[in-house]
Amino acid sequence: MREINELTDVDDPAWPLLLEELSGTDVPVEVLPGDAESGRASLRQLQVSARSNLGGLVLNCGGLLVDGGWLRIFASPGGADAEGLPGLAEVNAMPTTFDPAWQPGAGLVIAHDVLGGAFTLNGGSPRESGRPGEPGEILYFAPDALRWEPLGAGHSAWLSWILSGGVHEFYETLRWDGWRDEVSALNGRQGLSFFPPLWSAEARQDLSATSRRAVPMAELLGLGRDACRQFDGADPGFLGAG
């Protein structure tokens, strides 16, 4: 186990380069203020270095709100806002004090979207966990397909792709006229529940004709997990604590 100073005191931290990338993107991104103490605690628990983009985010900011909050990338937010974006530690149910035996299970949840989709960083044994992809690969739990989809990239490449406009391509068929106004009305712990649901034939035929309401993210993730169990007979596993 590496001590916190070994993880933070590095010659080539990722954060300065990541800030350049964030300032140069055409994708709307809000960088939330972070809490240094909780960031250091999360970094130590994860045993991730500040050389990585994941470590840089966790150590230096409170998360990223991409495209007006459509996509929420977790880090270490400051304060105790009951409606604000949760931190990476909370979403992954990390222990409140350092526990060398703790592991993030099948994968580390790094982001949620307003649809109830979850992005995870694959653990070391995807096959044993019943998940596709390779160790360290980003997976997406798709609420419209009720399955995990490997994205063919690690965390840094995935983040660069998002910031280069990949977020627009990825969600091209899952947006409707007026989505920005609906998303802007949500707080950091809410998503949108659809009726008929996203995976239904009706929603796939005409997404704009669905009705949508704001619900707690924990509820939305639970709905996706329950639907997956019911229709595919398979449990997708942990999607985040909401």
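Note that the structure is a prediction, hence the values are computed from the model and not measured.
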Give a yes or no on whether the backbone of P216 and the side-chain of E219 come within a donor-acceptor separation of less than 3.5 Å. no
For G188 and P86, the nearest pair of non-hydrogen atoms, with its separation, is O-CD, 3.6 Å
Quick one: are L59 and R40 in side-chain contact, heavy atoms under 4.5 Å? yes
Can you tell me how far OG of S38 sits from CE of M94, rounded to the nearest 0.5 angstrom? 10.5 Å
Under the 3.5 angstrom rule, does the side chain of E30 hit a backbone N or O of G68 as a donor-acceptor pair? no
So if you build clusters from Ile, Leu, Val, Met, Phe, Trp, Tyr with side-chain heavy-atom gaps below 4.5 Å, do W102 and F98 land together? no
Non-hydrogen side-chain atoms of P132 and L139 separated by less than 4.5 Å: yes
Nearest 0.5 Å, what's the CD-OG1 distance between Q45 and T96? 9.5 Å
Rounded to the nearest 0.5 Å, how far does CD1 of I4 lie from CG of D9? 8.5 Å
Do L88 and L108 come close enough that some side-chain heavy atom pair is under 4.5 Å? yes
Which atom names give the shortest non-hydrogen contact between L57 and A75, and what distance separates them? O-CB, 3.4 Å
Ignoring hydrogens, what is the shortest heavy-atom contact between A241 and A218? Give both atom names and the distance. O-CB, 4.0 Å
Strictly distance-based, threshold 3.5 Å: is any side-chain N or O of S160 a donor or acceptor partner for the main-chain N or O of A157? no
Polar side-chain atom of S42 near backbone of G39 as donor-acceptor pair, under 3.5 Å: no
Sidechain-backbone polar pair: N5 side chain, T8 backbone, donor-acceptor under 3.5 Å: no
Reported CH2-to-OG distance for the pair W179 and S184, which is rounded to 0.5 angstrom: 9.5 Å
So, does H112 use its side chain to make a donor-acceptor pair with the main chain of L239 at under 3.5 Å? yes
Counting N and O atoms only, with roles assigned by atom type, does the side chain of R225 sit under 3.5 Å from a partner on the main chain of P236, one being a donor and the other an acceptor? no
State whether the side chain of S200 and the backbone N or O of P197 hold a donor-acceptor pair below 3.5 Å, judged by distance alone. yes
Do R72 and L65 make a side-chain contact, defined as non-hydrogen atoms from C-beta onward lying under 4.5 Å apart? yes
Linking I/L/V/M/F/W/Y whenever any side-chain heavy atoms sit under 4.5 Å apart, do L19 and V58 land together? yes
Nearest heavy atoms of W15 and C61, plus distance in Å: CH2-CB, 3.8 Å
Minimum side-chain heavy-atom gap I138-L121 below 4.5 Å: yes
When rounded to the nearest 0.5 angstrom, what is the spacing between CG in D26 and OG in S164? 10.0 Å
What are the two closest heavy atoms between F74 and L85, and how far apart are they? CE2-CD1, 3.8 Å
For V10 and L7, work out which heavy atoms get closest and say how close. CG1-O, 3.8 Å
Taking side chain as C-beta onward, heavy atoms only, is F170 less than 4.5 Å from L71? no
With salt bridge (Lys or Arg N to Asp or Glu O under 4.0 Å) as the criterion, how do E149 and R131 come out once you've worked through the C-alpha distance, each side chain's angles and the decisive distance to 0.1 Å? CA-CA 9 Å; E149 300 175 348; R131 293 188 177 180; over 6 Å; no
Take V109 and F238 through the test side-chain contact (heavy atoms from CB on, under 4.5 Å) and record every step on the way to the result. CA-CA 8 Å; V109 179; F238 184 67; 4.1 Å; yes
Without hydrogens or angle criteria, can the side chains of T210 and R212 be said to hold a donor-acceptor pair below 3.5 Å? yes
Once rounded to the nearest 0.5 Å, what's the spacing between atom CZ of R213 and atom CZ of F194? 12.0 Å
Test side-chain contact (heavy atoms from CB on, under 4.5 Å) on L207 and L198; report intermediate values, then the result. CA-CA 8 Å; L207 187 62; L198 282 174; 3.5 Å; yes
Do L159 and I110 have side-chain heavy atoms sitting under 4.5 Å apart? no
Do F141 and C228 have side chains that approach each other closer than 4.5 Å (heavy atoms only, starting at C-beta)? yes
Under 3.5 Å donor-acceptor, Q47 side chain and R2 backbone: yes
Take R175 and D67 through the test side-chain contact (heavy atoms from CB on, under 4.5 Å) and record every step on the way to the result. CA-CA 12 Å; R175 287 176 166 175; D67 248 1; 2.9 Å; yes
Other residues, nucleotides and ligands only: do more than 12 of their heavy atoms fall within 6.0 Å of CG on D206? yes
Using only heavy-atom distances, determine whether the side chains of D113 and Y171 contain a donor-acceptor pair under 3.5 Å. yes
Ignoring hydrogens and geometry, is there a side-chain-to-backbone donor-acceptor pair from E6 to E3 under 3.5 Å? yes
Begin with the C-alpha distance, continue with both residues' side-chain angles, and end with the deciding distance and a verdict on side-chain contact (heavy atoms from CB on, under 4.5 Å) for H155 and E137. CA-CA 7 Å; H155 183 275; E137 184 176 357; over 6 Å; no
Heavy-atom neighbours of F195 CZ exceed 12 at 6.0 Å: no
